Amino acid sequence: MKKIITCLTISASFLLLFSCNDNNKLTEVVEVPLPTKEEKITIGSPDEVKAEPGSFGLTKLPFPYDGLAPDIRSLTLETHYSKHYVTYTNNLNKEIVSTEYENMPIEDILKKLDLNNAKLRQNAGGYYNHTMYFNLLTPKEQTPKDTLVGAIDKEFGSFSNLTNQLKGQATKQFGSGWVWLVVDKLGKLQVTTTENQDNPLMKNALIPGTPILGIDLWEHAYYLDYQNRKGSYIDAFYKHINWEKVNENYIEALKKVKKV
Ligand code: MN
């Protein structure tokens with residue numbers, strides 16, 4: 001043991017580990033950088049974030065990055081909004097320049113796109129899904145009201161049954177994906193999941209419909225706060241759902257069903 005200790009040298013910035021050997025058969029030096037200072041992290045403001053010019057822009061985040069803390073902390077929200085969401089938006093805009101999709105509403109792009117077009121599929125999905133996600137967040141806990149609450153009681157029995165279905169399917173989703181509350185083609189509320197950045201508007205949807213609520217299940221949405229504890233993230237997210245907006249989405253989605 002003493003020998004090992006005498007072989008340790010600590011300099012200002014490196015930990016040098018000498019693997020000593022009595023017979024001098026082997027000498028190994030491994031340099032392990034040590035953190036010199038606390039890295040300074042600056043959290044900006046969502047209002048400063050802009051996508052590059054193009055067909056689609058970002059939905060505004062109507063509260064600062066710490067608005068959901070401690071459930072979802074500033075660094076998670078800033079990275080998600082100003083890095084992931086912006087990247088999907090910029091990539092989508094690039095992908096559709098001078099194509100039939102350039103002036104098309106995002107919902108129509110998602111319904112029409114060729115699933116073999118991986119770049120368009122990922123980025124159009126990523127843009128739509130994240131726009132819905134950031135649009136449905138609110139600092140203060142709410143519960144469903146108005147038209148939606150009646151529909152939830154009628155179709156799921158109670159809000160707590162809907163909650164169990166959403167959380168249950170979210171927990172079971174393996175790998176990256178989303179859990180959704182959708183209005184299906186008959187105007188009925190259903191819970192469903194999709195993989196990667198797909199969503200229920202796309203041709204491959206198991207339950208096709210108009211999403212009115214989406215929960216991001218990618219690790220980037222929660223890993224900094226919860227690591228492997230996806231269930232804790234889902235519980236935390238659930239406290240910040242803007243059910244007033246879900247209700248607005250529900251009413252809009254029903255109008256589309258009636259038009260058909
Ligand atoms: Mn995401």
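Indexing begins at 1, ligand by ligand and atom by atom, following the structure's order. Note that the coordinates shown come from a computational prediction; the quantities given were computed from them, not determined experimentally.
Within the protein, the N, O or S atoms sitting under 2.8 Å from the Mn ion (ligand 1) are His80 NE2, His130 NE2, Asp216 OD2, His220 NE2.
Between Glu252 and Lys255 a salt bridge is recorded (basic side-chain N to carboxylate O distance below 4.0 Å). Salt-bridge formation is detected for the pair Asp198/Arg121: a Lys NZ or Arg NE/NH1/NH2 atom is positioned less than 4.0 Å from an Asp or Glu carboxylate oxygen.
When each of Asp71, Asp225, Thr76, Ile215 is paired with Tyr233, the side chain to side chain contact (heavy atoms under 4.5 Å, CB included) condition holds for Ile215 and for no other.
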Requested in this report: Mind running side-chain hydrogen bond (donor to acceptor under 3.5 Å, both in side chains) on Tyr222 and Ser232 for me, showing each step along the way?
Outcome: CA-CA 9 Å; Tyr222 64 88; Ser232 302; over 6 Å; no

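Around atom NZ of Lys119, no more than 12 heavy atoms belonging to other residues, nucleotides or ligands sit under 6.0 Å away.
For Phe237, the ring pair (Phe, Tyr, Trp, His ring centres under 6.0 Å) criterion is met by Tyr133, not counting sequence neighbours.
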